[in-house]
Amino acid sequence: MQKPANKKPFIFYYLIVLAVVIVLNIIVSSVFGTKTKEVSYSDFVQLTNDNQVAIVEVQEDQIAFALKSDTDGNNNVSEVYVTGRMDDPDLMERLETHGVDYTKTIPTRPSWLMSLLSFFGPIIILVVLGTFLINRMTKKMGGGMGNAMSFGKSNAKIYVQATDGIKFKDVAGEDEAKEALTEIVDFLHNPGKYAEIGASMPKGALLVGPPGTGKTLLAKAVAGEANVPFFSISGSEFVEMFVGMGAAKVRDLFKQANDKAPCIVFIDEIDTIGKKRDGSGFSGNDEREQTLNQLLTEMDGFDGRKGVIILAATNRPESLDKALLRPGRFDRRIPVELPDLAGREAILRVHGRKVKLDSTVDFKAIARATAGASGAELANIVNEAALRAVRNDRKVVSQGDLEESVEVVIAGYQRKNAVISPREKQIVAYHEIGHALVAAKQTESAPVHKITIVPRTSGALGYTMQVDEEEKALMTKEEAFNKVATLTGGRAAEELIFGTFTTGASNDIEQATKIARAMVTRFGMSKNFDMMALETVNNPYLSADTSLTCSDESAGKVDEEVLSIIRSAHEKAIEILKGNMQKLNELSQYLLEQETITGEEFMEILNRE
């Protein structure tokens with residue numbers, strides 16, 4: 001394929017023309033313009049006495065004058081003489097005696113080229129500046145001067161034959177979402193059997209879920225399975241500085257989709273343009289609202305039987321306008337949730353195919369240790385393990401690499417050069433064993449998997465990892481209470497052994513308070529409030545921030561109830577540790593020596609007589 005010629009910017013030619021103009025002006029001015037010549041003061045006096053001086057301009061440090069022979073009929077001067085200004089008291093009288101005009105400025109003869117520049121100069125500057133700005137804008141719009149006015153063109157990336165080759169087999173852990181999307185693929189392959197019975201496919205499908213769960217990957221897999229053109233665009237690309245440009249891009253996108261039907265149009269982060277409109281009829285961003293209105297119109301206008309499927313993804317479904325979610329637009333809502341235990345194991349295996357693994361790798365154990373992780377985080381864990389193997393000059397990834405990468409994601413990298421005093425190290429050891437001991441002595445609690453007092457880059461001086469044997473979707477009141485008790489175990493150990501406590505339990509306090517408050521306000525685990533909802537989750541897929549939906553009086557009672565739960569859990573932790581002081585000291589001393597111990601080592605010492 002022949003490469004296009006390298007076109008130099010237009011501003012480059014303007015600069016060349018400007019340089020030529022300046023050079024010509026210098027040459028012409030030296031030939032035709034006014035010349036300047038220096039003379040002595042005595043010559044000036046002599047020329048004045050001889051009546052040869054026509055006009056004099058007295059300046060601060062010099063005197064400029066012109067002779068009658070150098071002045072034309074229009075009083076333009078071809079040559080000006082200058083001389084130094086002397087202390088001459090008779091100067092003015094001499095000039096008046098010989099009829100010399102000294103009240104005006106000497107008129108010079110301008111260059112004809114300078115006259116042209118003074119007229120056309122501002123015009124040239126405006127043209128150069130305008131061309132430069134238009135070039136910049138058209139480059140951002142994806143075109144050159146030929147597309148200078150194509151502001152309404154869509155920026156959608158088009159993958160005509162799914163060039164990246166992504167199929168459903170490359171997407172793991174989302175079986176329900178794949179099943180819902182398989183029907184769309186079948187419709188694109190065999191539209192006749194749906195038309196025969198009178199069924200029509202949904203015009204749009206909305207993929208909803210937390211970040212990193214594979215919503216975009218699923219959309220590409222649909223295009224790969226259907227083998228149809230795939231238009232991909234982000235919602236933010238519709239929002240423009242000029243009002244109406246976003247709506248024009250929507251029209252252009254649907255026009256292209258209709259021309260290439262059957263095809264798939266994927267709009268990522270649709271909440272950027274699909275947010276709820278306010279009730280007053282006035283919007284803080286008219287461009288955003290016009291873009292949304294145009295999207296609603298286009299989705300109503302196109303014929304779904306042509307095979308144009310609209311897919312969209314968002315992790316903020318609660319912020320979308322209801323008109324966008326009604327039947328006839330985004331008919332189908334497909335949840336893409338965080339994977340369960342089997343899903344995490346399947347995802348790890350998919351990404352594990354890309355790296356070299358040794359025989360010790362157990363993906364099920366890693367999946368159990370990563371409850372709540374998204375597909376993107378699991379891919380990052382596998383990649384971190386491969387990087388660790390390279391740093392250690394090994395050719396394959398081991399189980400230890402994967403376990404360490406899980407800890408890197410949870411707590412950060414090890415701070416190998418961190419300096420901690422023996423006293424603080426002892427406090428951290430007792431603190432972590434306090435957590436583990438309380439957890440192990442409770443029936444409704446996850447087993448201890450690992451304990452370490454090696455500092456991490458997240459700021460943690462140590463941590464205790466608990467891993468459930470099986471995936472749990474529900475949590476009983478006893479399990480929730482035991483979690484709070486386990487979180488208070490570190491502070492309880494400090495109190496019992498050292499008679500005081502440190503700031504090391506700050507994160508434990510935060511987590512314990514969050515669980516205890518949820519027990520009262522959201523889970524109905526309080527006798528005082530029974531099954532009354534006192535709190536709502538604002539954004540379940542992102543920050544999971546909550547807000548109270550009760551009176552100030554009830555909020556005060558909630559605080560009392562939360563405090564009661566935490567105090568009871570704290571007292572329970574203290575009682576457990578008091579009854580196991582020997583094991584608390586023995587395990588803490590062992591942890592001080594080893595710095596990191598496994599759950600098996602911990603339980604072996606705990607069960608030893």
Between Arg349 and Glu345, is the closest basic N to carboxylate O distance under 4.0 Å?
yes
Does Val361 reach the side chain of Val396, with side-chain heavy atoms less than 4.5 Å apart?
no
Under 3.5 Å, is there a donor-acceptor pair between the side chain of His449 and the main chain of Gly599?
no
Whether over 12 other heavy atoms sit under 6.0 Å from Gln582 CD:
no
Measure from the side-chain N and O atoms of Lys276 to the backbone N and O of Glu318, and report whether any donor-acceptor pair falls under 3.5 Å.
yes
side-chain hydrogen bond (donor to acceptor under 3.5 Å, both in side chains) between Asp252 and Gln256, worked out:
CA-CA 6 Å; Asp252 183 70; Gln256 291 184 58; 2.7 Å; yes
How long is the span from the CG atom in Leu591 to the CD1 atom in Ile433, to the nearest 0.5 Å?
5.0 Å
Does a side-chain heavy-atom distance below 4.5 Å link Val222 with Phe266?
no
Answer yes or no: is there a side-chain heavy-atom contact under 4.5 Å between Leu295 and Ile270?
yes
Got more than 12 heavy atoms from elsewhere within 6.0 Å of CD, Glu179?
no
Non-hydrogen side-chain atoms of Tyr463 and Ile451 separated by less than 4.5 Å:
no
Answer yes or no: is there a side-chain heavy-atom contact under 4.5 Å between Tyr430 and Asn585?
yes
Sub-3.5 Å donor-acceptor pair from the side chain of Asn607 to the main-chain atoms of Met603, do we have one?
yes
Under a plain distance cut-off of 3.5 Å, with no hydrogens placed, do Thr216 and Asp268 share a side-chain donor-acceptor pair?
yes
Using side-chain hydrogen bond (donor to acceptor under 3.5 Å, both in side chains), reason through Thr314 and Asp271 one step at a time and then give a plain yes or no.
CA-CA 6 Å; Thr314 181; Asp271 51 275; 2.8 Å; yes
Looking at CD of Gln426 and CD1 of Ile497, how far apart are the two atoms once the value is rounded to the nearest 0.5 Å?
9.0 Å
Work out which heavy atom in Pro455 is nearest to a heavy atom in Ile420; give both atom names and the distance.
CG-CD1, 3.3 Å
Residue pair Phe523, Lys477: steps toward the side-chain contact (heavy atoms from CB on, under 4.5 Å) verdict:
CA-CA 9 Å; Phe523 303 146; Lys477 180 181 178 180; over 6 Å; no
Heavy-atom nearest pair, Ala257 first then Cys263, reads O-SG, 3.3 Å
Are Leu487 and Ile515 side-chain neighbours, meaning at least one heavy-atom pair lies under 4.5 Å?
yes
Within the distance-only criterion (no hydrogens, no angle test), does the side chain of Ser319 pair as donor or acceptor with the backbone N or O of Lys275 below 3.5 angstrom?
no
Quick check: does any side chain N or O of Asp358 sit under 3.5 Å from a backbone N or O of Thr360, one acting as donor and the other as acceptor?
yes
Apply side-chain hydrogen bond (donor to acceptor under 3.5 Å, both in side chains) to residues Asn482 and Lys572 and explain how you reach the verdict.
CA-CA 9 Å; Asn482 288 346; Lys572 180 181 181 182; 2.8 Å; yes
Within-4.5 Å side-chain heavy-atom neighbours: Pro335 and Val208:
no
Atom pair CD (Gln442) and OG1 (Thr486), whose distance is rounded to the nearest 0.5 Å
4.5 Å
Between Glu183 and Arg332, does at least one N-O distance fall below 4.0 Å, as a salt bridge requires?
yes
Can Glu174 and Thr213 be said to form a side-chain hydrogen bond (donor to acceptor under 3.5 Å, both in side chains), step by step?
CA-CA 9 Å; Glu174 298 294 343; Thr213 50; 5.3 Å; no
Under the 3.5 angstrom rule, does the side chain of Glu377 hit a backbone N or O of Gly212 as a donor-acceptor pair?
no
So, for Leu206 and Phe330, which heavy atoms are closest and what is the spacing to 0.1 Å?
N-CD2, 4.0 Å
Side-chain H-bond candidate by donor/acceptor type, Ser398 with Asp401, under 3.5 Å:
yes
For Glu298, is there an ion pair with Lys249 - N to carboxylate O distance below 4.0 angstrom?
no
Could you tell me whether a side-chain N or O of Glu595 sits under 3.5 Å from a main-chain N or O of Val454, the two making a donor and an acceptor?
no
Is the side chain of His189 donor-acceptor paired with the backbone N or O of Glu225 at a distance under 3.5 Å, no angle test?
yes
Spacing of Lys483 atom NZ and Lys514 atom NZ [to the nearest 0.5 Å]:
12.5 Å
Any carboxylate oxygen within less than 4.0 angstrom of a Lys/Arg side-chain nitrogen, looking at Glu479 and Lys472?
yes
Looking only at heavy atoms, what is the nearest atom pair of Ala373 and Pro339, with distance?
O-CD, 3.4 Å
Side-chain heavy atoms of Ile565 within contact of Arg517, under 4.5 Å:
no
Determine yes or no for a side-chain-to-main-chain donor-acceptor pair under 3.5 angstrom, with Lys583 supplying the side chain and Arg608 the backbone.
yes
Check: Ser405 side chain, Ile381 main-chain N or O, donor-acceptor pair, under 3.5 Å
yes
Nearest 0.5 Å, please: how far is NZ in Lys425 from CG in Leu592?
7.0 Å
Under-4.0 Å salt bridge between Lys220 and Asp170
no
Compare every heavy atom of Thr513 with every heavy atom of Ile509, then report the nearest pair and how far apart it is.
O-OG1, 2.7 Å
Would you call Arg316 and Glu269 a salt bridge, taking side-chain N to carboxylate O under 4.0 Å as the test?
no
